[in-house]
Amino acid sequence: MSDRPLAAVRPAPRSPRRATLALALAAVAFATPPQGAPGYTDTPLLPDGKWCVHDSRRPQPRVVAPGAMHGPAAAPADALVLFDGTDLSRFTGGDGPARWKVGDGYAEVNGTGDIETLDAFGDCQLHLEWCAPVPAAGESQGRGNSGIYLMQRYEVQVLDCFDNKTYPDGQAAALYGQKPPLVNACRPPGEWQSYDILFEAPRFDGEKLVKPARVTVLHNGVVVHHAQEYIGPTSHRDVGVYSPHPDRLPFRLQDHGNPVRYRNIWIRPLGQYDAP
Ligand code: MG
């Protein structure tokens with residue numbers, strides 16, 4: 001072993017030609033998705049300064065098999081049940097009643113457009129279950145795509161990410177275009193999956209953002225976001241910017257053209273324990 005001080009060990013000087021070659025190789029490595037994920041490299045840079053929106057080069061969340069789920073999770077006594085599997089009367093299709101297909105205990109996206117709650121919510125605990133279509137059809141963002149737009153603008157992505165590679169910030173449970181889930185806890189298509197979402201609405205003082213929206217999400221009982229802030233409203237190929245909005249707004253379920261199913265949707269508005 002050498003007793004030469006480490007600081008004295010210097011790499012041999014590089015020739016300009018070798019340096020150019022190294023730079024060229026690095027550029028190729030940067031431009032090529034290392035894991036072959038679909039996505040983009042020509043979109044705006046996210047505030048983290050590392051990745052652009054829908055960056056295909058971003059590391060893929062590791063896969064975690066969730067524990068077994070034994071039927072729908074029963075709602076707590078004080079929850080507001082928004083969909084119990086029988087009717088969508090608490091939702092609107094925008095210009096009238098929600099027209100998604102209601103089957104035996106589920107509602108299914110059918111190309112009639114997004115639906116949203118008639119009630120408005122701010123801070124809340126939201127539970128819902130969703131199921132990706134079988135057989136799995138399409139790939140990347142085209143497979144079992146839907147989503148939950150909290151306050152009509154902050155999406156938690158729904159996507160069949162079981163053996164379906166896509167850009168990490170567009171995965172199931174991603175804050176779409178902003179933050180990939182900590183892990184990929186997807187079940188196979190055709191199996192019911194749960195989201196438990198603890199959402200904190202953003203706070204505004206007049207035109208000024210005082211506190212960004214924040215969310216904790218459990219996907220099939222696995223934490224995939226922990227008090228994660230939204231950069232702004234979620235967007236495709238863009239970085240959303242906050243603009244003031246009411247304290248409470250409906251949430252929306254996305255019709256992305258894939259027959260994703262939902263069931264067991266309930267919500268608990270959150271406040272201080274001693275507030276009405
Ligand atoms: Mg979506």
Side-chain angles (χ1 to χ4, degrees), residues 37-40 43 46 51-56 58 60-61 83 91 93-94 98 100-101 106-117 126-134 136-187 189-190 192-197 199 213 215 217-220 224-225 228 230-240 249-263 265:
Y40 301 86
T43 43
L46 289 165
W51 308 107
C52 61
V53 177
H54 316 315
D55 203 317
S56 54
R58 208 169 173 157
Q60 292 281 322
F83 178 61
F91 288 81
W100 286 10
K101 173 186 161 188
Y106 63 85
E108 184 177 293
V109 175
N110 61 357
T112 55
D114 296 356
I115 63 171
E116 67 177 35
T117 55
L126 171 62
H127 174 93
L128 59 77
E129 291 161 29
W130 59 273
C131 177
V134 273
E139 51 189 50
S140 185
Q141 293 292 302
R143 185 182 297 184
N145 193 334
S146 182
I148 299 120
Y149 285 82
L150 298 152
M151 305 194 96
Q152 302 170 321
R153 48 189 40 79
Y154 308 110
E155 186 182 12
V156 176
Q157 172 74 311
V158 168
L159 192 75
D160 178 4
C161 281
F162 190 85
D163 269 342
N164 175 35
K165 205 162 269 188
T166 190
Y167 42 84
D169 70 21
Q171 295 238 333
L175 311 188
Y176 185 74
Q178 300 185 7
K179 196 73 185 177
L182 290 167
V183 295
N184 176 352
C186 260
R187 295 188 197 281
W192 285 99
Q193 319 205 30
S194 65
Y195 279 172
D196 287 282
I197 298 173
F199 178 72
V215 76
V217 181
L218 282 79
H219 182 188
N220 295 324
V224 288
H225 296 288
Q228 182 63 48
Y230 279 91
I231 296 161
T234 54
S235 180
H236 181 57
R237 292 181 58 96
D238 203 2
V239 184
L249 284 168
F251 72 83
R252 178 183 299 164
L253 299 178
Q254 185 186 38
D255 181 341
H256 201 280
N258 304 140
V260 174
R261 292 178 178 181
Y262 287 91
R263 75 175 184 189
I265 306 175

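Heavy-atom basis, side chains included; hydrogens, waters and symmetry copies ignored. Just follow the structure's listing: the first ligand is 1, and inside any ligand the first atom is 1.
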Where the Mg ion (ligand 1) is the vertex, angle from Gln157 OE1 to Glu155 OE2 to 10°: 80°
Pairwise distance OG(Ser146) to CZ(Arg261) - rounded to 0.5 angstrom: 13.5 Å
2.8 Å cut-off met by an N, O or S atom of Gln141 to the Mg ion (ligand 1): no
Residue Ser146, metal the Mg ion (ligand 1), N/O/S under 2.8 Å: yes
Mutual orientation of the aromatic rings belonging to His54 and Tyr40 [parallel < 30°, tilted 30-60°, perpendicular > 60°]: tilted
Spacing of CD belonging to Gln254 relative to CD belonging to Glu116, to within rounding of 0.5 Å: 13.0 Å
Among Phe251, Tyr149, Phe199, the one residue meeting side chain to side chain contact (heavy atoms under 4.5 Å, CB included) with Tyr154: Phe199
